[in-house]
Amino acid sequence: MKECTVLVVGGAGYIGSHMVDVLLRGKFEVITLDNLSTGHRELHPGGLFIEGSLGDIGLLDDIFSSRRIDAVMHFAAYSLVAESVASPLKYYRNNLAASAELLEAMRRHNVKRFIFSSTAAVYGEPTQVPIAEDHPCDPTNPYGASKLAVERMLQDCDVAHGLKFISLRYFNAAGADESGQLGERHEPETHLIPLILKVAAGEREHINIFGTDYPTADGTCIRDYIHVSDLAQAHMLALDALLSDKDSAIYNLGNSRGYSVREVIDIARHITGHRIPAVESKPRPGDPAVLVADSAKIRNELGWQPKFENLENMIQSAWRWHQLDQVKGADATDKSA
Ligand code: UDP
């Protein structure tokens, strides 16, 4: 196979680090660009690591002129709904304006394949569930709006400059890879599953249930969880498609099965054996009630087949990672003491 080089922007983050690992195992050359604002250097699995930001135009030019890059995968974005409602400009600057810099650098250096981490948040409150790619897009928060704006920019760059892109609209990423070496670590943590596991590990007193009056069977929000390794596999298929000169496309990535917040907590109780106290709280601004994917398109067109579909698997792997990460954290504290 011809040697291919992929630039992974945001490769030290949760999903990006899993992606770098899969690319390296697939014998791709990998260059990671990450400013470590939310990523972790020690979670980066290998290949060349460059610490820096998308806004650094000189650095982008250096990277693109120093070697031939076959494709770019872009994971470097802020992704917290509530934060985006409170600080929209932070989201438009980092998620939209910085992506424009990256695309501009790719155009200058004639790099024409791009895989984009998009999100179910582009749809807003769905009028039909499960949500297919042709569902209208009407984001309820600046995070979703910033991602939708990038998708629009990609379509325009395809027309104007022949950029070929695949945009993957993730539903809720969860879990950790089988090796136990990689997993989810955010500071501060805001995501449901890692927060529940912190309660099970005794690091927090309780989990807040954000909103109990949603129009769902148990009143709590419903989300479609997808294992991070299945997400990475979908990116490999997208990369293959672009390397085989397929056309630009947008795909949903989810399992087409929704779980309410209460159901997620119950499964975690079962897996961890901890009672995980839950406190009913106010809804979080910008949260749609139900997000469940119809992902038939990527299954049919690219042959995507998730391996870890059930939520028990995802929580089990996240729990294993959480316990290992705690041990590593304790070791590091011991050594520095
Ligand atoms: N959620 C919750 N308590 C928390 C964190 C999240 O009830 O402490 C809810 C949140 O309102 C949403 C779901 O869990 O309905 C998933 O949230 P998460 O932040 O994990 O992912 P998002 O859907 O925002 O991408």
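Scope of the values below: all heavy atoms of this structure, side chains included, with no hydrogens, waters or symmetry mates. Order of listing sets the numbers, starting from 1, for every ligand and every atom in it. Sequence positions, counted from 1, serve as the residue numbers for this chain.
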**Prompt:** What atoms of ligand 1 come within less than 4.0 Å of a heavy atom belonging to Ile209?
**Reply:** 7 (O)
**Message:** Can you tell me which portion of Arg284 lies within the under-4.0 Å heavy-atom range of ligand 1? Options are side chain, backbone, both, or neither.
**Reply:** side chain
**Message:** Would Leu192 count as being in polar contact with ligand 1, using the rule that some N or O on each side must be under 3.5 angstrom apart?
**Reply:** yes
**Message:** What I want to find out is whether Arg185 reaches Glu42 closely enough, with some N-O distance under 4.0 Å, to be called a salt bridge.
**Reply:** yes
**Asked** Has Arg169 got its NZ or CZ under 6.0 Å from the middle of the six-membered ring of Phe171, at an angle within 45 degrees of the ring axis?
**Response** no
**Item:** Candidate with minimal heavy-atom separation from atom 4 (C) of ligand 1, of Tyr214, Tyr259, Phe210
**Value:** Phe210
**Request:** Answer with yes or no after comparing the ring centroid distance for Tyr170 and His235 against a 6.0 Å cut-off, counting only values under it.
**Result:** yes
**Complete:** In this structure, OH of Tyr259 is separated from OG1 of Thr220 (nearest 0.5 Å) by 14.0 Å
**Request:** Show which atoms of ligand 1 fall inside a sub-4.0 Å distance from at least one heavy-atom site of Asp287.
**Result:** 10 (C), 11 (O), 12 (C), 15 (O)
**Prompt:** Does any N/O atom on Asn208 come nearer than 3.5 Å to any N/O atom on ligand 1?
**Reply:** yes
**Message:** Which residue and atom name correspond to the protein heavy atom nearest atom 22 (P) of ligand 1, and how close is it?
**Reply:** Asn172 ND2, 3.4 Å
**Message:** Could you tell me if His191 and Asn172 have a donor-acceptor pair between their side chains, going purely by distance under 3.5 Å?
**Reply:** no
**Message:** For Leu195, which part has a heavy atom under 4.0 Å from ligand 1: side chain, backbone, both, or neither?
**Reply:** side chain
**Asked** Atoms of ligand 1 less than 4.0 Å from Thr190 heavy atoms?
**Response** 5 (C), 19 (O)
**Complete:** Rounded to the nearest 0.5 angstrom, the CG-OH distance for Leu80 and Tyr91 is 4.0 Å
**Prompt:** By number and element, which atoms of ligand 1 are closer than 4.0 Å to a non-hydrogen atom of Val261?
**Reply:** 7 (O), 9 (C), 14 (O)
**Contacting atoms of ligand 1, where contact means under 4.0 angstrom from a heavy atom of Ile207** = 8 (O)
**Item:** Per-atom contacts, ligand 1 versus Cys221 - under 4.0 Å to a heavy atom
**Value:** 15 (O)
**Message:** Can a side-chain donor-acceptor contact be found between Ser295 and Tyr251 if the only test is distance below 3.5 angstrom?
**Reply:** no
**Message:** Is the positively charged end of Lys90 above the ring of Tyr78, judged by distance under 6.0 angstrom from the centroid and angle within 45° of the axis?
**Reply:** yes
